[in-house]
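For reference, the structure discussed in these notes is given below.
In listed order, ligands and their atoms are each counted from 1. Just so it is clear, the model here is predicted, and its values are computed rather than measured. The first residue of the sequence shown is numbered 1, and numbering continues consecutively from there.
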Amino acid sequence: MARYHFEAPSVINLNGSFYHPSHKLGSGGFGTVFAMVNSSGEKIAVKTVNDNGNDNFALVNDEVTIWSRLRHKNIVQFYAYHTLPGVHFISMELAAYGDLQKFITEQSHYCSPSLRRHIASQLLEAVSFIHRNGLCIAT
Ligand SMILES: Nc1ncnc2c1ncn2[C@@H]1O[C@H](COP(=O)(O)OP(=O)(O)OP(=O)(O)O)[C@@H](O)[C@H]1O
């Protein structure tokens with residue numbers, strides 16, 4: 001079977017849902033995250049994880065298993081996990097303001113003390129939720 005290469009934006013079909021990549025949001029340890037628009041016009045984020053033959057598949061499975069059980073307003077919502085030959089896709093809620101660390105450091109002029117308190121309180125609520133639900137793994 002041909003391996004699926006997801007390098008340049010192109011329309012992808014994940015279980016009958018068509019996604020139109022809009023732009024690259026960033027890259028992490030496993031692959032690249034794209035902003036996409038689904039067939040209903042909803043903007044979402046899709047993380048692509050290249051199956052490099054190492055442990056990516058197992059690590060992604062662990063991440064998805066835990067994340068799919070997390071439903072909280074301060075945690076980016078997991079939507080679905082798809083696999084095509086050579087690549088895994090994780091679709092999720094689009095965080096409109098992007099990466100929090102970048103937001104805090106690059107937009108520091110907007111980050112008033114009250115906004116910082118608000119962000120810290122949201123983070124603590126999310127961490128507390130994860131602990132209450134026993135979904136924290138010590139490594
Ligand atoms: N749901 C999202 N909404 C908006 N931007 C996102 C979203 N997810 C990721 N990004 C952007 O893409 C970048 C890479 O995300 P990614 O999750 O791949 O890397 P990471 O956070 O370093 O995690 P890891 O390497 O552990 O997978 C982030 O830093 C952020 O800028």
Side-chain angles (χ1 to χ4, degrees):
M1 192 187 295
R3 286 171 75 80
Y4 192 95
H5 291 284
F6 193 84
E7 300 294 342
S10 57
V11 177
I12 55 168
N13 175 356
L14 301 177
N15 287 354
S17 295
F18 290 87
Y19 294 90
H20 301 258
S22 149
H23 59 274
K24 181 174 162 176
L25 291 165
S27 296
F30 291 116
T32 309
V33 182
F34 292 90
M36 295 201 181
V37 180
N38 67 16
S39 21
S40 318
E42 187 189 3
K43 288 181 188 163
I44 61 165
V46 175
K47 183 182 212 170
T48 63
V49 180
N50 292 316
D51 191 355
N52 61 1
N54 296 327
D55 295 330
N56 275 1
F57 186 74
L59 289 170
V60 169
N61 259 310
D62 287 349
E63 177 171 332
V64 163
T65 303
I66 294 170
W67 191 6
S68 62
R69 293 164 60 194
L70 296 172
R71 193 168 286 270
H72 187 273
K73 62 182 165 63
N74 298 342
I75 297 174
V76 167
Q77 184 60 52
F78 165 85
Y79 289 156
Y81 173 52
H82 310 271
T83 300
L84 293 175
V87 66
H88 313 286
F89 296 90
I90 301 172
S91 61
M92 64 186 119
E93 178 184 357
L94 178 70
Y97 293 99
D99 186 89
L100 178 60
Q101 188 173 1
K102 281 190 208 143
F103 177 83
I104 292 170
T105 51
E106 290 170 15
Q107 304 285 328
S108 53
H109 50 288
Y110 289 127
C111 225
S112 63
S114 69
L115 180 54
R116 284 165 196 258
R117 275 196 298 276
H118 181 61
I119 291 171
S121 143
Q122 289 188 324
L123 283 171
L124 290 172
E125 276 179 33
V127 171
S128 164
F129 169 82
I130 290 169
H131 279 276
R132 278 200 312 278
N133 287 277
L135 293 168
C136 186
I137 297 175
T139 55

For the backbone of G31 and the side chain of T48, can you confirm whether one donor and one acceptor N or O come within less than 3.5 Å of each other? no
Please list, chain by chain and in numerical order, all residues satisfying side chain to side chain donor-acceptor pair (under 3.5 Å) with E42, sequence neighbours excluded. N38
Residues passing the side chain to side chain contact (heavy atoms under 4.5 Å, CB included) test with E93, sequence neighbours excluded, are V76, Q77, Y79
Once you measure the plane-to-plane angle for Y97 and F103, does it fall in the parallel (<30°), tilted (30-60°) or perpendicular (>60°) bin? perpendicular
Under a strict 4.0 Å criterion on non-hydrogen atoms, which protein residues are in contact with ligand 1? L25, G26, S27, G28, G29, F30, V33, A45, K47, V76, M92, E93, L94, A95, D99, K102
Taken in chain and number order and not counting sequence neighbours, the residues that satisfy side chain to side chain donor-acceptor pair (under 3.5 Å) with H118 are Q122
Testing the basics here: between F34 and K24, what is the closest heavy-atom pair and its distance to 0.1 Å? CD2-CA, 3.9 Å
